[in-house]
Amino acid sequence: MTHFKTTIFAMTLVATAAFAHDGVQNEAVHARMTAMETIGANMKILAGMAKGQSAFSADAANAALVAISDTATTIPALFEAQEDDPKSEAADEIWTNWEDFVAKAVDLETVTSPANGISDMAGLAAAMATLGGTCKACHREYKL
Ligand code: HEC
């Protein structure tokens, strides 16, 4: 992928993120959706490299991993209060199964910890598989 296309791709992500939050009134819901968007945007950076749409860079891959890990640490605090908004896709089960929800956030933090750094394409593929599993495990139970 050329530098120009990469820039367009990054701009598309930003535009999508802004659009997804249109009409969210509740600030707490907005904040947790923004955190998830950050996680999603960094996941897309990894996916782009894994699919060969952008050149592999261990530095960029690890930066994305750290960004996801850092954001994962904020999930419990962002979701702790049971806030709602018509645009929210958060399931009520988050607050009835709170400890399990937090454990799933910690799982994401663990698999993206700097100790699990990516050094080559095989490592990237392995990281993507593990990471994707943690997103799905939580979304399956707690995202509408
Ligand atoms: C601990 C649970 C949990 C984990 C782990 C998790 N998510 Fe989420 N995610 C949620 C919940 C809950 C919502 C819905 C939030 C809302 O709408 O209020 C959500 C929403 C999202 C959204 C939509 C945000 C928006 O603006 O509407 C994206 C994108 C997303 N997650 C990406 C990811 C990716 C990618 C991963 C894995 C790398 C991941 N999530 C891991 C719980 C989780």
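For clarity, every value in this text was computed on a predicted model and none was experimentally measured. For ligands, and for the atoms within them, numbers begin at 1 and follow the listed sequence.
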Short list, please: which atoms of ligand 1 are under 4.0 Å from a heavy atom of [X]?
X	result
Cys138	1 (C), 2 (C), 3 (C), 4 (C), 5 (C), 42 (C), 43 (C)
Ala105	1 (C)
Tyr142	12 (C)
Glu37	24 (C), 25 (C), 26 (O)
Thr134	5 (C)
Ser88	16 (C), 17 (O), 18 (O)

* salt bridge (charged side-chain N to carboxylate O under 4.0 Å, His left out): pairs with one or both residues in residues 70-84, sequence neighbours excluded ->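 Applying salt bridge (charged side-chain N to carboxylate O under 4.0 Å, His left out) to every pair that reaches into residues 70-84, excluding sequence neighbours, yields nothing.
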
* **Pairs meeting criterion salt bridge (charged side-chain N to carboxylate O under 4.0 Å, His left out) with involvement of residues 92-101, two or more places apart** =>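 For residues 92-101: Asp100-Lys104.
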
Is ligand 1 under 4.0 Å from a heavy atom in the side chain of [X], in the backbone, in both, or in neither?
X	result
Phe101	both
Ile94	side chain
Lys143	side chain

Does any N or O in the side chain of [X] come within less than 3.5 Å of the main-chain N or O of [Y], such that one atom is a donor and the other an acceptor?
X	Y	result
Asp85	Asn26	yes
Asn62	Gly117	no
Trp95	Phe79	yes
Asn42	Leu65	no
Thr112	Leu108	yes

* Asked: Which is closest to atom 31 (N) of ligand 1 in terms of heavy atoms, His139, Met43, Lys104?
  ->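 Shortest heavy-atom distance from atom 31 (N) of ligand 1: His139.
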
* **Cys135 near atom 8 (Fe) of ligand 1 via N/O/S, less than 2.8 Å** => no

* Minimum-distance pair of heavy atoms, taken over all atoms of Leu144 and Ala90 -> CD1-O, 3.8 Å

